[in-house]
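Order of appearance sets the numbers: ligands from 1, and atoms from 1 within every ligand. Everything quoted here is computed from the prediction, not taken from an experiment.
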Amino acid sequence: MTDQSAPPRVLLIGAGSIGAVYLYQLQQAGCDVTAVCRSNYAQVKEHGFKLLSLRYGNVTYRPNKTLSSVSECGGETFDFILVCIKSFPGNRPSLPDILAPVVRNKSTAIVLAQNGIMIEEEVALAFPDNPIISGVIYLPSVQTEPGTIEYHEMLNLLELGTYPGDAPPEHHAAAVRFSELMVKGGGNAKVLENIQIARWSKLLLNAAWNPICALTLCSDGDFLLSSELAEELAWEVMMEIIALAAEIGIPDITVEVAESKLSIAKRRAKEGTGREMSMLQDIRQGRPFEVEAIIGNTVRLGRHIGMKLPRLETFYALLKGRYEAQAKERRQGSTSK
Ligand SMILES: NC(=O)c1ccc[n+]([C@@H]2O[C@H](COP(=O)([O-])OP(=O)(O)OC[C@H]3O[C@@H](n4cnc5c(N)ncnc54)[C@H](OP(=O)(O)O)[C@@H]3O)[C@@H](O)[C@H]2O)c1
Ligand SMILES: *[C@@H]1O[C@H](CO)[C@@H](O)[C@H](O)[C@H]1NC(C)=O
Ligand SMILES: *[C@@H]1O[C@H](CO)[C@@H](O)[C@H](O)[C@H]1NC(C)=O
Ligand SMILES: *[C@@H]1O[C@H](CO)[C@@H](O)[C@H](O)[C@H]1NC(C)=O
């Protein structure tokens with residue numbers, strides 16, 4: 001067993017908006033955190049992160065170590081590897097390829113703090129003995145410039161659970177330990193028996209609002225006010241998710257859950273506080289967005305079991321077109337420089 005008196009060693013891969021907030025919480029909880037950064041590496045290495053937040057105030061802090069690549073970890077082993085990069089299933093290098101150099105010890109727990117569905121399987125297949133902890137995040141934050149994170153709400157919840165749900169007790173214990181660290185660091189976290197219920201209930205929100213906002217450039221609230229067909233579209237997408245969840249045996253993804261998710265956007269419409277979903281923010285900034293993890297995986301699952309998801313399939317085809325157009329723009333932009 002790990003020496004309980006030594007500070008937990010955590011490797012953070014992907015120190016963007018979510019990763020930077022979790023880094024703060026883990027350090028508050030006494031962890032020794034090594035962060036692998038990409039585009040914000042130089043800024044973070046030199047100046048650390050600046051977090052402007054309601055929950056933690058305005059604070060500046062540094063990872064215990066800042067690296068620009070996983071390969072720089074050398075022979076070090078970690079208690080937890082926390083993955084906070086966006087999820088891009090099908091991209092190369094794959095997530096298992098990224099993780100391979102540092103997953104050397106079967107007791108290293110891999111925590112996936114990412115949106116989407118069916119994102120765990122490739123990691124579980126590559127590292128069959130390691131605890132795989134699936135995480136569903138409620139934490140609205142954005143990196144506004146390299147190393148600067150804005151997080152203006154109190155909302156902070158990380159739902160955790162092993163993948164698969166019936167993993168060995170040591171895997172469950174690792175999930176409990178990670179959740180205790182997040183709470184000790186000032187956040188909210190809980191361990192669920194079946195994390196897939198949480199993942200699919202988040203999917204109700206993500207699969208409806210991310211495509212709608214990304215394709216219309218509306219906030220969720222503004223879209224609802226834009227025509228009398230708007231609410232029906234969002235609702236029917238949620239009904240497709242509910243039907244799919246029922247078909248594959250994910251329990252508790254009900255009309256009541258959809259109603260409560262839709263009511264959030266309805267309230268924002270009324271109050272004029274609509275939110276620009278992350279996929280819309282990514283599109284505005286010309287950045288890759290999580291079309292495959294959120295919509296592609298859902299549509300493929302539907303096709304696999306012979307279920308028609310006409311609205312989600314339409315969203316997928318349109319968003320995938322947009323995604324490829326942006327990729328082309330980025331390639332041309334980088335060659336014209
Ligand atoms: N932000 C939110 O409000 C929120 C809320 C709920 C859930 N989520 C989910 O949380 C996950 C993380 O989102 P985020 O908002 O934190 O994204 P983000 O701000 O884009 O951060 C991702 C970070 O990972 C880095 N990265 C990507 N690939 C990497 C690699 N191979 N090695 C090292 N670093 C790498 C990115 O670097 P580059 O800058 O170079 O790309 C970026 O700094 C996503 O699945 C998202 O859907 C986010
Ligand atoms: C794996 O990690 C555990 C806990 O940190 C440690 O006790 C064990 O010695 C490590 N095993 C190897 C082979 O490094
Ligand atoms: C890691 O960094 C935090 C915050 O700066 C610090 O409190 C802690 O002592 C450091 N841990 C180690 C093992 O250096
Ligand atoms: C944090 O910084 C923001 C923007 O710079 C400012 O509006 C806010 O009042 C600051 N909060 C605290 C607690 O100092």
S.K.: For His152 and Glu150, test the side chains for any donor-to-acceptor distance below 3.5 angstrom and give the result as yes or no.
M.R.: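 The answer is yes; a qualifying pair exists.
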S.K.: Output yes when the distance from some N or O of ligand 1 to some N or O of Asn40 is under 3.5 Å, and no in every other case.
M.R.: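 N/O-N/O distance below 3.5 Å does not exist for this pair.
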S.K.: Charged N to carboxylate O below 4.0 Å: is that the case for Arg9 and Asp32?
M.R.: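 Judged by the 4.0 Å cut-off on N to carboxylate O distance, Arg9 and Asp32 do not form a salt bridge.
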S.K.: Can the ring centroids of Tyr56 and Tyr24 be said to lie less than 6.0 angstrom from one another?
M.R.: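 Yes; Tyr24 has its ring centre under 6.0 Å from that of Tyr56.
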S.K.: Would you say the side chains of Asn156 and Tyr151 form a donor-acceptor pair under 3.5 Å?
M.R.: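 Judged by distance alone, the side chains do pair up.
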S.K.: Would you check, one step at a time, whether the test side-chain hydrogen bond (donor to acceptor under 3.5 Å, both in side chains) holds for Asn115 with Lys202?
M.R.: CA-CA 8 Å; Asn115 269 329; Lys202 182 89 196 270; 3.2 Å; yes
S.K.: Does atom 11 (N) of ligand 4 have any protein heavy atom closer than 4.0 Å?
M.R.: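 Given the 4.0 Å limit, the answer for atom 11 (N) of ligand 4 is yes, a protein heavy atom qualifies.
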S.K.: Would you say ligand 1 has an N or O under 3.5 Å from any N or O of Gln114?
M.R.: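 N/O-N/O distance below 3.5 Å does not exist for this pair.
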S.K.: Is it the case that over 12 heavy atoms from other parts of the model lie below 6.0 angstrom from the CD atom of Glu121?
M.R.: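 Counting neighbours around CD of Glu121, 12 or fewer heavy atoms of other residues, nucleotides or ligands fall under 6.0 Å, so no.
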S.K.: Can you tell me which residue and heavy atom of the protein come closest to atom 7 (C) of ligand 1, and the distance to 0.1 Å?
M.R.: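 I find the closest protein heavy atom is Asn115 ND2, 3.3 Å.
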S.K.: Would you check the N or O atoms of Gly19, main chain and side chain alike, for any that come under 3.5 Å of an N or O of ligand 1?
M.R.: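 The answer is no, given that Gly19 and ligand 1 share no N or O pair closer than 3.5 Å.
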S.K.: With a 4.0 Å cut-off on heavy atoms, is Pro140 in contact with ligand 1?
M.R.: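 It does, in that a heavy atom of Pro140 comes within the 4.0 Å cut-off of ligand 1.
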S.K.: Any side-chain donor paired with an acceptor under 3.5 Å for Gln143 and Ser17?
M.R.: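 Note: Gln143 and Ser17 side chains miss the donor-acceptor criterion.
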S.K.: With no hydrogens and no angle check, do the side chains of Glu72 and Ser68 hold a donor and an acceptor under 3.5 Å apart?
M.R.: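 The answer is yes; a qualifying pair exists.
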S.K.: Any idea which atoms of ligand 4 are less than 4.0 Å away from a heavy-atom of Asn58?
M.R.: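 Listed by number with element: 1 (C), 2 (O), 3 (C), 8 (C), 10 (C), 11 (N), 12 (C), 14 (O).
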S.K.: Is it true that Glu153 and Arg55 make a salt bridge, defined as a side-chain N closer than 4.0 Å to a carboxylate O?
M.R.: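 A salt bridge is absent here (no side-chain N lies under 4.0 Å from a carboxylate O).
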S.K.: Check whether any side-chain heavy atom of Ile248 lies under 4.5 Å from a side-chain heavy atom of Ile305, and answer yes or no.
M.R.: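 Side-chain contact under 4.5 Å: yes.
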S.K.: Enumerate the atoms of ligand 2 whose separation from the nearest heavy atom of Ser107 is less than 4.0 angstrom.
M.R.: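 Counting atoms of ligand 2 from 1, those under 4.0 Å from Ser107 are 1 (C), 2 (O), 3 (C), 4 (C).
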S.K.: Can you tell me which residue and heavy atom of the protein come closest to atom 14 (P) of ligand 1, and the distance to 0.1 Å?
M.R.: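 For atom 14 (P) of ligand 1, the nearest protein heavy atom comes out as Ser17 OG, 3.4 Å.
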S.K.: Looking only at protein heavy atoms, identify the closest one to atom 26 (N) of ligand 1 and say how far it is in Å.
M.R.: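 Scanning the protein heavy atoms, the shortest distance from atom 26 (N) of ligand 1 goes to Ile85 CG2, 3.4 Å.
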S.K.: Among all protein heavy atoms, pick out the one at the shortest distance from atom 21 (O) of ligand 1; state its residue, atom name and that distance to 0.1 Å.
M.R.: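 Nearest protein contact, heavy atoms only, for atom 21 (O) of ligand 1 is Gly16 CA, 3.2 Å.
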S.K.: Under 3.5 Å, is there a donor-acceptor pair between the Asp282 and Gln326 side chains?
M.R.: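 No donor-acceptor contact under 3.5 Å links the two side chains.
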S.K.: Which is closest to atom 2 (O) of ligand 2 in terms of heavy atoms, Thr108, Asp79, Asn105?
M.R.: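 Shortest heavy-atom distance from atom 2 (O) of ligand 2: Asn105.
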S.K.: Where is the nearest protein heavy atom to atom 45 (O) of ligand 1: which residue, which atom, and how far?
M.R.: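 Looking only at protein heavy atoms, the one closest to atom 45 (O) of ligand 1 is Glu290 OE2, 2.6 Å.
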S.K.: Could you check whether atom 7 (O) of ligand 4 has a protein contact, counting only heavy atoms that fall below 4.0 angstrom?
M.R.: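 So atom 7 (O) of ligand 4 lacks protein heavy-atom neighbours under 4.0 Å.
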S.K.: Report the nearest protein non-hydrogen atom to atom 40 (O) of ligand 1: residue, atom name, distance rounded to 0.1 Å.
M.R.: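 For atom 40 (O) of ligand 1, the nearest protein heavy atom is Arg38 NE, 2.9 Å.
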S.K.: Under 3.5 Å, is there a donor-acceptor pair between the Gln114 and Glu120 side chains?
M.R.: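 Gln114 vs Glu120: no donor-acceptor pair found between side chains.
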S.K.: Are side-chain heavy atoms of Ile132 and Thr162 found at a separation under 4.5 Å?
M.R.: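 No, their side chains stay 4.5 Å or more apart.
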S.K.: Answer whether the closest heavy-atom distance between the side chains of Cys31 and Pro8 falls below 4.5 Å.
M.R.: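 Sidechains of Pro8 and Cys31: in contact.
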S.K.: If you measure every N or O of Ser39 against every N or O of ligand 1, does any of those distances drop under 3.5 Å?
M.R.: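 Yes - when backbone and side-chain N and O of Ser39 are compared with those of ligand 1, one distance drops under 3.5 Å.
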S.K.: Could you name the option among Ile98, Leu205, Leu139, Ile149 that has the heavy atom nearest to atom 31 (N) of ligand 1?
M.R.: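 Nearest option to atom 31 (N) of ligand 1, by heavy atoms: Ile98.
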S.K.: Looking only at distance, does Arg287 have an N or O less than 3.5 Å from an N or O of ligand 1?
M.R.: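 So ligand 1 has an N or O lying under 3.5 Å from an N or O of Arg287.
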S.K.: Please tell me if the side chains of Tyr316 and Leu309 come closer than 4.5 Å, counting only heavy atoms from C-beta onward.
M.R.: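 Side-chain contact under 4.5 Å: no.
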S.K.: Of the side chain and backbone of Ala113, name the one, both, or neither that has a heavy atom under 4.0 Å from an atom of ligand 1.
M.R.: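 Backbone only.
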S.K.: Flag the pair Glu271 and Arg267 as a salt bridge only when some basic side-chain nitrogen lies within less than 4.0 angstrom of an acidic carboxylate oxygen.
M.R.: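 Arg267 and Glu271: salt-bridged.
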S.K.: With backbone taken as N, CA, C and O and side chain as the heavy atoms from C-beta onward, which portion of Lys202 lies under 4.0 Å from ligand 1: side chain, backbone, both, or neither?
M.R.: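 The side chain, only.
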S.K.: Would you verify that at least one protein heavy atom lies under 4.0 Å from atom 14 (O) of ligand 4, or report that none does?
M.R.: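 Yes, because at least one protein heavy atom sits under 4.0 Å from atom 14 (O) of ligand 4.
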S.K.: Judged on heavy-atom distance to atom 1 (N) of ligand 1, which of Cys37, Ala15, Ser141 sits nearest?
M.R.: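 The residue whose heavy atom sits nearest atom 1 (N) of ligand 1 is Ser141.
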S.K.: For ligand 1, note which part of Val142 has a heavy atom under 4.0 Å away: side chain, backbone, both or neither.
M.R.: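 Within the 4.0 Å criterion, Val142 makes no contact with ligand 1.
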S.K.: Mark up the atoms of ligand 2 that fall under 4.0 Å of a heavy atom belonging to Arg9, in ascending order.
M.R.: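 Listed by number with element, the hits are 5 (O).
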S.K.: I need the nearest protein heavy-atom contact for atom 4 (C) of ligand 4: residue, atom name and distance, please.
M.R.: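 That would be Leu52 CD1, 4.4 Å.
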S.K.: Measure the distance from atom 48 (C) of ligand 1 to every protein heavy atom, then report the residue, atom name and distance (to 0.1 Å) of the closest one.
M.R.: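 It is Ile18 CG1, 3.5 Å.
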S.K.: Could you check atom 17 (O) of ligand 1 against the protein and tell me its nearest heavy-atom contact, residue, atom and distance included?
M.R.: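 Atom 17 (O) of ligand 1 sits closest to the protein heavy atom Lys86 CE, 3.5 Å.
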S.K.: Taking heavy atoms and a distance under 4.0 Å, where does Cys84 meet ligand 1: side chain, backbone, both or neither?
M.R.: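 The part of Cys84 near ligand 1 is the backbone, not the side chain.
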S.K.: When you compare ligand 1 with Tyr138, is there at least one nitrogen or oxygen pair between them that comes in under 3.5 angstrom?
M.R.: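 No: no nitrogen or oxygen of Tyr138 is under 3.5 Å from one in ligand 1.
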